[in-house]
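Before any comments, here is the structure.
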Amino acid sequence: MTIHLYNTLTRTKEAFIPLDDQRVTMYACGPTVYNYAHIGNARPAVIFDLLYRVLSRRFPKVIYARNITDVDDKINKAAAEQGVAIDVITRRFAEAYHQDMGALGVGRPTIEPRATDHIDQIITMIQALIDKHHAYEAEGHVLFDVERFPDYGQLSRRNKRELIAGARVDVAPYKKGPGDFVLWKPSTADQPGWDSPWGRGRPGWHIECSAMSAAHLGEVIDIHAGGQDLVFPHHENEIAQSRCAHGTEVFARYWMHNGFVTVEKRKMSKSQGNTLIVHELLKQWPGEVLRYVLLSAHYRQPLDWSQKVLEQAQATLDRLYGLLSELPEDTSDDTDPAVIDALEDDLNTPTALAALNGLARKLSEADSADQPKLGARLKASGRVLGLLQQDPAIWFEQRRKAIDVNESEIQALIDQRNQARKDRDFATADRIRDELGERGIELRDGPEGTTWEVAPR
RNA sequence: GGCUAGGUGGCAGAGUGGUUAUGCAGCGGCCUGCAAAGCCGUGUACCUCGGUUCGACUCCGGGCCUAGCCUCCA
């Protein structure tokens, strides 16, 4: 089956046919590193990491670039507030980003370009835009001239008149047109800056992605991805800059945008102050639970975050790991076609998870002779989704660490209870079990003896 | 105001012009000293009003409601 992807540019689901099937290129807008990532920031990281995996199964070479924006006024502000150098901030939070995303099972992209390493390319690109009369200099700024790019608004489906009518920002006096946006802006002595033909300054917000994508992937790329809120103005402006600088008809051939993570149905965003920080969530939940939740809704739909969905994801993973714990280790690559088909259909992760659960049901229904094979398939299918790769024992044990337990004390109580059971003193036995239960410990009397688990919350 | 997505069972969440989504919770059963876990079985659904159709939750139109973008934002 051909991979199908929903293209924001055409608002339809299309067959994915790369320009060069020996070299597929994708670019995702990565983090601006000035504080910890929230779970809404994690969504595109997880989704487009999954896309990279899905593409890599079909194409010999996929180059995935995800940038780090390390020059930005929010970074400057954070550095000033904390009284530290800018690179202290960017280094700290880039590292935290890698750690947190790693905990969610997000792999590293092929290339992770940083804006500050590409100032030369940015300046060259801006100069090209000026030379081609698509940009102009005004009061130390360089601005993109939207008027001279007729296709402006194509991605976000707006026309210029609407943009002007709807503009909620004061238009800077040096702009020729209200929709013009900054490519380069002057820096004061205390701000980070680089020498340029237009004086010491720093890049505007949008130009870095255009410059880095061209530098590493080429002037025309297959896929460009990011959050829905980047459609306008960020991606619209990237298209304008890139196409005008390179004289191309197309910048990215497929545009993909993920929906938002919401809290009580409201968009999670830093400005609304309702963010849930991944770093904090990881103190309470396994990264795999967070990942399962992020995969449980289709990427283009909103995903409402709550305690309840976390509990549901954990319960489901408990069951799946429980099934796997009965079976021998197997590292075969026998994936369930239903899982792959679902993912290749515009990353339909809910259907893929349904298929994964269907496989689990088949496994529990099967004769014990067939179970190892089905278990191997379950694990291999989970691998594509970035799930079920832990040793089941470790999955269950990690919860013991989350609550304060003294294992030998619990074992002593279990021994005491089993003696009581042997004596048919069930009142005592039940009292011990209830006491442990109140501490969040569940006992399981099996043929091999009594084991215990920390109960799911 | 302009533009864009949505409204599915107790909750989460896919999908389809006529046939079981799936998970979590609930209920019944097996198992158990009793439980838990596990396994088996099981119910309630497609915002509203019209239209198209042999037949619509699924297509078309109106309405109501929700969220998002138009400003930094994933």
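If you're wondering where the values come from, they're calculated on a predicted model, not measured in any experiment. Naming: A, B, ... by sequence-line order, numbering from 1 per chain.
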Using a heavy-atom cut-off of under 4.0 Å over every strand shown, decide if A/Ser296 touches base, sugar-phosphate, or nothing. sugar-phosphate
Side chain of A/Val309 only, please: which of B/C34, B/A12, B/G68 is the nearest? B/A12
State whether A/Glu81 and A/Lys77 are salt-bridged, where the test is any N-O pair (Lys NZ or Arg NE/NH1/NH2 against Asp/Glu carboxylate O) under 4.0 Å. yes
Angle class for the A/Tyr321/A/Phe396 ring planes (parallel below 30°, perpendicular above 60°, tilted otherwise)? perpendicular
Compare side-chain N and O positions of A/Arg361 against OP1 and OP2 of B/G41 and report whether any pair is under 4.0 Å apart. yes
If you look at every strand shown and take non-hydrogen atoms under 4.0 Å, does A/Arg66 touch a base, only sugar-phosphate, or nothing? nothing
Go through residues 373-382 of chain A and report each residue with a non-hydrogen atom lying under 4.0 Å from RNA chain B, sorted by number. none
Other residues, nucleotides and ligands only: do more than 12 of their heavy atoms fall within 6.0 Å of CD on A/Glu409? yes
Per nearest nucleotide of RNA chain B, the residue lying toward the 5' end, A/Tyr292 or A/Tyr299, is A/Tyr299
Look at the side chain of A/Asp229 and the base of B/G68, then say whether one donor and one acceptor between them are separated by less than 3.5 Å. no
Return the pairing partner of B/C27 with a 3.5 Å limit on both distances, Watson-Crick or G-U wobble; otherwise return none. B/G41
Per side-chain contact (heavy atoms from CB on, under 4.5 Å), A/Leu5 is matched among A/Asp222, A/Ile223, A/Asp345 by A/Ile223
pair_partner(B/C69), Watson-Crick or wobble, both distances < 3.5 Å, evaluates to B/G2
Considering only heavy side-chain atoms of A/Asn258, the closest of B/C40, B/A74, B/G33 is B/A74
Does B/A56 pair with anything, Watson-Crick or G-U wobble, both distances under 3.5 Å, and if so, with which nucleotide? none
Ordered by number, residues from residues 342-357 of chain A within less than 4.0 Å of RNA chain B (heavy atoms) are A/Asn348, A/Pro350, A/Thr351, A/Ala354, A/Asn357
RNA chain B: 5'-proximal contact among A/Lys74 and A/Leu323 (nearest heavy atom): A/Leu323
Ignoring the backbone of A/Arg424, work out which of B/A12, B/G33, B/C24 is nearest its side chain. B/G33
Cation-pi check, A/Arg243 to A/Phe149: give yes when NZ or CZ is under 6.0 Å from the six-membered ring centre and within 45° of the ring axis, no otherwise. no
With C1' as the reference atom in both, quote the distance from B/A14 to B/A45 in angstrom, rounded to an integer. 14 Å
Considering only side-chain heavy atoms of A/Met268, which listed nucleotide, B/C39, B/A74, B/C34, is closest? B/A74
Please state whether the base of B/G23 and the side chain of A/Gln312 form at least one donor-acceptor pair under 3.5 Å? yes
Nearest-0.5 Å distance that lies between atom OG in A/Ser364 and atom CG in A/Leu378: 10.0 Å
Between A/Arg266 and B/G68, does any side-chain N or O lie under 4.0 Å from OP1 or OP2? yes
Check A/Glu435 with A/Arg431, please: is the shortest side-chain N to carboxylate O separation under 4.0 Å? yes
Quick one: which of B/C24, B/A14, B/G33 gets closest to the side chain of A/His298? B/A14
Can you tell me if A/Ser156 touches the phosphate of B/C70, counting only side-chain N or O atoms and a distance under 4.0 Å to OP1 or OP2? no
Checking contacts here: which listed nucleotide (B/A37, B/A74, B/G33) is nearest the side-chain heavy atoms of A/Glu442? B/A37
When you measure from the centre of the six-membered ring of A/Phe48, is the NZ or CZ of A/Arg66 under 6.0 Å away and within 45° of the axis? no
B/G33 pyrimidine/purine six-ring stacking with A/Phe426, under 5.5 Å and 30°: yes
Can you label the angle between the A/Tyr36 ring and the A/His279 ring as parallel, tilted or perpendicular, going by 30° and 60°? parallel
Of all the choices, B/G38, B/C69, B/U4, which nucleotide is nearest to the side chain of A/Arg319 once you look at every atom? B/G38
Salt-bridge present (A/Asp73, A/Arg202; N to O < 4.0 Å): yes
Measure the distance from CZ on A/Phe181 to P on B/U71 and round it to the nearest whole Å. 14 Å
Among the nucleotides B/C34, B/G68, B/A14, whichever has the atom closest to the side chain of A/Arg417 is B/C34
When all nucleic acid strands are considered with a 4.0 Å heavy-atom cut-off, which category describes A/Glu453: base, sugar-phosphate, or nothing? nothing
From the options B/C70, B/G33, B/C24, select the nucleotide whose nearest atom is closest to the side chain of A/Arg158. B/C70
Determine the Euclidean distance between corresponding P atoms of B/U53 and B/G13; express it in Å to zero decimal places. 36 Å
Record whether the side chain of A/Asp445 comes under 3.5 Å of the base of B/C31 through a donor-acceptor pair of N or O atoms. no
Presence of A/Lys308 side-chain N/O under 4.0 Å of B/A25 phosphate oxygens OP1/OP2: no
B/A74 OP1/OP2 closer than 4.0 Å to side-chain N/O of A/Lys270: yes
Please work out whether the ring planes of A/Phe181 and A/His206 are parallel, tilted or perpendicular, with thresholds of 30° and 60°. perpendicular
Of the listed nucleotides (B/A14, B/G68, B/A12), which one gets closest to any side-chain atom of A/Lys267? B/G68
Only one of A/Leu443, A/Leu413, A/Thr428, A/Thr450 clears side-chain contact (heavy atoms from CB on, under 4.5 Å) with A/Arg433; which? A/Leu443
